[in-house]
Amino acid sequence: MKKNFYVTTPIYYVNGEPHVGSAYTTIAADTMARYKKTKGYDVYFLTGTDEHGQKVEETAEQKGYTPQQWTDIMAPKFKDIWSKLNINYSDFIRTTEERHKKAVKKIIKKVHDKGDIYKGEYAGKYCVSCETFVPENQVVNGNHCPDCGKELRMVKEESYFFRMSKYQDALLKHIETHPDFILPRSRRNEVISFIKQGLQDLSISRNTFKWGIPIDFAPGHITYVWFDALTNYLTAIGYESNPEMFDKFWNNAEVMHLLGKDIVRFHAIIWPCMLLSAEEKLPDKVVAHGWWTSEGEKMSKSKGNVVDPVEQANRYGVDAFRYCLLREVQFGNDGDYSTKSVVTRINSDLANDLGNLLNRTLGMYKKYFNSTVTVGSTKDSFDEEVENLWNEVVADIDNYMNIAQFSKALESIWKFISRLNKYIDETAPWTLAKDENNKDRLAVVMNHLIDGLYKIAVMVYPCMPESGQKIWDQLGVQKDIKEAKIDEVLGWNLFTPGHVLGEAQPIFPRIDMEAMLEADKDPMQVDPELKIENPIGIEDFDKVDIQVVEILSAEKVKDADKLLKFKVSFGDHVRQILSGIAKYYPEPEKLVGKKVLAVTNLKPRKMKGEISQGMLLSAENEKGLKLIEVDSSIQPGSKAK
């Protein structure tokens, strides 16, 4: 059996910040990596950012940066959020790295030398957002992308094509002979149906923009998205630079790609065809999860219902957030994220089931044996039932994790937790403790409980790393749970006589559902008698983008008595804003370093030959107009809400 394991997330596009969907994929991959380590595997876990393409080039230009400068600003944001969500990746790859450029050049040359790349011309519809050409039979709503719904552009240009159609039959055969290659099975059926409609050759180059990896045999052309983006999975494990590592984690490893269902075709069709042409092994599993809604509605910035993973982790705790994401929905299905479901899950599963089991057990062991492990030998059928269930649970968890069914695996763990809670009621330690003759039997019962908690800590650790460690700490286990192996906790009597247990401390405090739901509501209570001139709805206010900016320079505009010209920083870019407040600030240079509020989504306008890209907000008092300053600790770019 292979004991090397390689798990990946997609590389995330730098034009958008991490959201609950990308957090879900990355937490799942982190959980999988940690689980495989507890099974004794040598694990490599890859995530990263996709940094090339027309959309990046256009966005960078709009913000006044080079594409490289823009990606250098955005990529660290992903690293920061993954750190806050306790993501322990092996490598974070950026497609602008030299190692990746070399790997892309290598695979393209290999495919080209085989005769699978040819020169042609593409004329058709293109989605800039998805970086994909859309065949006419897939266009929706007149002229929109079937994946993101955005309007398509007509493109006609010289292009190099990959003979993907050549590998249609070989790919179908591979899918049919490897039933777990595409998971869940519903996605597998979808992909097979798509392939049987007939694969078309794939455009793999562009020559109308420059931000990409040049193709050596095609001057003026850059590598179009998929030969660039997908190759990252090979780059990170030494495809071009480290043959020994590549052999270990690709050729002799179980390889699993985790991703969202919107990109399953790229990973289950284009990617394996590329690998077949390059004569490289195909990944073992391509696993696609569903989409998330919020309170039953599609997430949208305009609706204000986008789930911020860091805000939710701060609200409930990182481990609780990770648990709720993986437990609430079967991996592969769409899911709905709601305050009610999260709070219910935390109170029921974490506080009641696991938290109470830990607190009750340690409390009783302290009361009956002064927290010191004592041996016993008197067993009965209840003990056997618990032991047999544990064996079933271990096997079930492994089966579920091998097909990335995280929710089912966690359900199995909670089946064991529930059984131990029932075991307490069945064996009634408080009754046994009343009779000295039952001391031996009491020790057996209590040892089954602390052994069970020891095992549970190892099993919940991949999903909830901090909680697993806290359980071990309270059990007095002097060991880093990162070193835990499932094989070491398969048996019983895990504690040596005389071992001293720790003190019980709540790990999962209960959450007040009513208070949490109230906090989600709009706190503004409107008096029906209150008269408001020109009232607007919240949707109107949402159209106004107000941000904190830092003044970098301030000076009068030539030949304009009223205007001041400001250079202001948003943290990731700089803009110029004009303001008619010169009479109130005769020494404008003293404003440098101040942080003020600005409306930032006004249409640019020209005044006295100068461009203004926003409006600084001010308030009026008896002395005139004054800029609205904010606390110096607030970072430029922060939004006013």
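Counting begins at 1 with the first residue of the sequence. Everything quoted here is computed from the prediction, not taken from an experiment.
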Exercise. If you take all heavy atoms of Lys565 and Val557, which pair is closest and at what distance?
Worked result: CB-CG2, 3.7 Å
Problem set entry | Ring geometry between Tyr89 and Phe45 (parallel below 30°, tilted from 30 to 60°, perpendicular above 60°) | perpendicular
Problem set entry | Gap separating the CD1 atom of Ile346 from the CE atom of Met516, nearest 0.5 angstrom | 7.5 Å
Problem set entry | Check: Phe570 and Val548 side chains under 4.5 Å, non-hydrogen atoms | no
Problem set entry | Ile546 vs Lys639 side-chain heavy atoms within contact, under 4.5 Å | no
For this session: Measure the shortest side-chain to side-chain distance between His52 and Ile213 over non-hydrogen atoms and say whether it is less than 4.5 angstrom.
Result: yes
Seminar exercise, completed: Sequence neighbours excluded, the answer for side-chain contact (heavy atoms from CB on, under 4.5 Å) partners of Lys583 is none
Problem set entry | Spatial distance of atom OG1 (Thr9) from atom CG (Leu259) [nearest 0.5 Å] | 9.5 Å
Problem set entry | Heavy atoms from other residues, nucleotides or ligands near CD of Glu61 exceed 12 (cutoff 6.0 Å) | no
Exercise. Does atom NZ of Lys261 have more than 12 heavy-atom neighbours, drawn from other residues, nucleotides or ligands, at distances under 6.0 Å?
Worked result: yes
Exercise. Can any side-chain N or O of Arg575 pair as donor or acceptor with the backbone N or O of Thr600 at less than 3.5 Å?
Worked result: yes
For this session: Taking all non-hydrogen atoms of both residues into account, name the closest pair between Phe92 and Ala75 and its distance.
Result: CZ-O, 4.0 Å
For this session: Would you confirm whether Asp80, through its side chain, and Pro76, through its main-chain N or O, come within 3.5 Å as a donor-acceptor pair?
Result: no
Exercise. Does Ala515 offer a backbone N or O that forms a donor-acceptor pair with the side chain of Asp512 under 3.5 Å?
Worked result: yes
Exercise. Can the ring centres of Tyr316 and Phe321 be said to be less than 6.0 Å apart?
Worked result: no
Problem set entry | Donor-acceptor pair, side chain of Tyr12 and main chain of Ser22, under 3.5 angstrom | yes
For this session: Working to the nearest 0.5 Å, report the span between CG of Asp319 and SG of Cys463.
Result: 7.5 Å
Exercise. What heavy-atom pair brings Leu564 and Ala582 nearest, and what distance separates the two atoms?
Worked result: CG-CA, 3.7 Å
Problem set entry | Candidate list Trp291, Trp292, Tyr337, test ring-ring contact (aromatic ring centres under 6.0 Å, His included), partner Tyr24, passing option | Trp292
Problem set entry | Side-chain heavy-atom pair Met256, Leu258 within 4.5 angstrom cut-off | yes
Exercise. Can you check whether Ile263's main-chain N or O pairs, donor with acceptor, with His267's side chain at less than 3.5 Å?
Worked result: yes
Exercise. For the side chain of Lys567 and the backbone of Gln576, is there at least one donor-acceptor N/O pair under 3.5 Å apart?
Worked result: no
For this session: Report, as yes or no, whether the 6.0 Å neighbourhood of atom CD on Gln478 holds more than 12 heavy atoms from other residues, nucleotides or ligands.
Result: no
Exercise. Do NZ/NE/NH1/NH2 and the carboxylate oxygens of Arg322 and Asp30 come within less than 4.0 Å?
Worked result: yes
Exercise. Which atom pair, heavy atoms only, marks the closest approach of Val14 to Trp70?
Worked result: O-NE1, 4.3 Å
Problem set entry | Thr25 vs His289, side chain to side chain donor-acceptor pair (under 3.5 Å): CA-CA, chis, key distance, verdict | CA-CA 8 Å; Thr25 319; His289 64 73; 2.7 Å; yes
Exercise. Roughly how far apart are Ile81 CD1 and Asp308 CG, rounded to 0.5 Å?
Worked result: 6.5 Å
Problem set entry | Donor-acceptor under 3.5 Å (Tyr585 side chain, Leu627 main chain) | yes
Exercise. Quick one: does Gln505's side chain get under 4.5 Å of Gln474's, heavy atoms only?
Worked result: yes
For this session: Classify the side-chain pair Glu58/Gln54 by whether it contains a donor and acceptor separated by less than 3.5 Å.
Result: yes
For this session: Determine whether the side chains of Arg94 and Asn232 contain a donor N or O and an acceptor N or O closer than 3.5 Å.
Result: no
Exercise. Do other residues, nucleotides or ligands put more than 12 heavy atoms under 6.0 Å from Asp631 CG?
Worked result: yes
Exercise. Going through the checks in order, is the side chain to side chain contact (heavy atoms under 4.5 Å, CB included) test met by Phe566 and Ser579?
Worked result: CA-CA 8 Å; Phe566 295 89; Ser579 182; 3.9 Å; yes
Output a table of donor-acceptor pairs, distance under 3.5 Å, between side-chain atoms of residues 323-330 and any protein atom two or more places apart or on a different chain; print 'none' if there are none.
unit_1	atom_1	unit_2	atom_2	d
Tyr323	OH	Arg327	NE	3.3
Tyr323	OH	Asp349	OD2	2.6
Glu328	OE1	Arg345	NE	3.2
Glu328	OE1	Arg345	NH2	3.3

Exercise. Does Ile577 reach the side chain of Leu616, with side-chain heavy atoms less than 4.5 Å apart?
Worked result: yes
Exercise. Between Glu57 and Lys210, does at least one N-O distance fall below 4.0 Å, as a salt bridge requires?
Worked result: no
Exercise. Is a donor on one side and an acceptor on the other found under 3.5 Å between the side chain of Lys595 and the backbone of Ile634?
Worked result: yes
For this session: Indicate yes or no: does Lys590 engage Glu587 in a salt bridge with an N to O separation below 4.0 Å.
Result: yes
Exercise. Do Asp50 and Lys55 meet the salt-bridge criterion of a basic N to acidic O distance under 4.0 Å?
Worked result: no
Exercise. Are the side chain of Thr95 and the backbone N or O of Glu51 linked by a donor-acceptor pair below 3.5 Å?
Worked result: yes
Problem set entry | Side-chain touch Trp211/Gln68, heavy atoms, less than 4.5 angstrom | yes
For this session: Look only at the side chain of Ser612 and the backbone of Gly614, and say whether a donor-acceptor pair between them is shorter than 3.5 Å.
Result: yes
Exercise. Going through the distances and angles, do Lys608 and Leu563 end up as a side chain to side chain contact (heavy atoms under 4.5 Å, CB included)?
Worked result: CA-CA 9 Å; Lys608 294 294 183 180; Leu563 287 178; 4.0 Å; yes
For this session: Flag the pair Arg34 and Glu466 as a salt bridge only when some basic side-chain nitrogen lies within less than 4.0 angstrom of an acidic carboxylate oxygen.
Result: no
Seminar exercise, completed: Taken to the nearest 0.5 Å, the spacing of Ile87 CD1 from Ser83 OG works out to 9.5 Å
Problem set entry | Contact summary for Ser638 and Gln635, nearest pair of heavy atoms | OG-O, 2.7 Å
Exercise. Any Lys/Arg nitrogen of Glu97 or Arg99 sitting under 4.0 Å from an Asp/Glu carboxylate oxygen of the other?
Worked result: yes
Problem set entry | Closest approach of Ala484 to Trp472 (non-hydrogen atoms, all atoms of both residues) | CB-CH2, 3.6 Å
For this session: Report the distance from atom OG1 of Thr38 to atom OH of Tyr461, rounding to the nearest 0.5 Å.
Result: 8.5 Å
For this session: State whether Asp228 and Lys101 are salt-bridged, where the test is any N-O pair (Lys NZ or Arg NE/NH1/NH2 against Asp/Glu carboxylate O) under 4.0 Å.
Result: no
For this session: Starting from the C-alpha separation in whole Å, work towards a yes-or-no answer on side chain to side chain contact (heavy atoms under 4.5 Å, CB included) for Thr47 and Ile11.
Result: CA-CA 6 Å; Thr47 188; Ile11 46 174; over 6 Å; no
For this session: Go through the steps to decide whether Val596 and Ile551 satisfy the test side chain to side chain contact (heavy atoms under 4.5 Å, CB included), and finish with yes or no.
Result: CA-CA 8 Å; Val596 298; Ile551 298 174; 4.3 Å; yes
For this session: With the side chain counted from C-beta on, respond yes when Lys594 and Val568 share a heavy-atom pair under 4.5 Å apart, and no when they do not.
Result: no
For this session: Please determine if Lys479 and Asp473 form a salt bridge, counting it only when a charged side-chain N lies under 4.0 Å from a carboxylate O.
Result: no
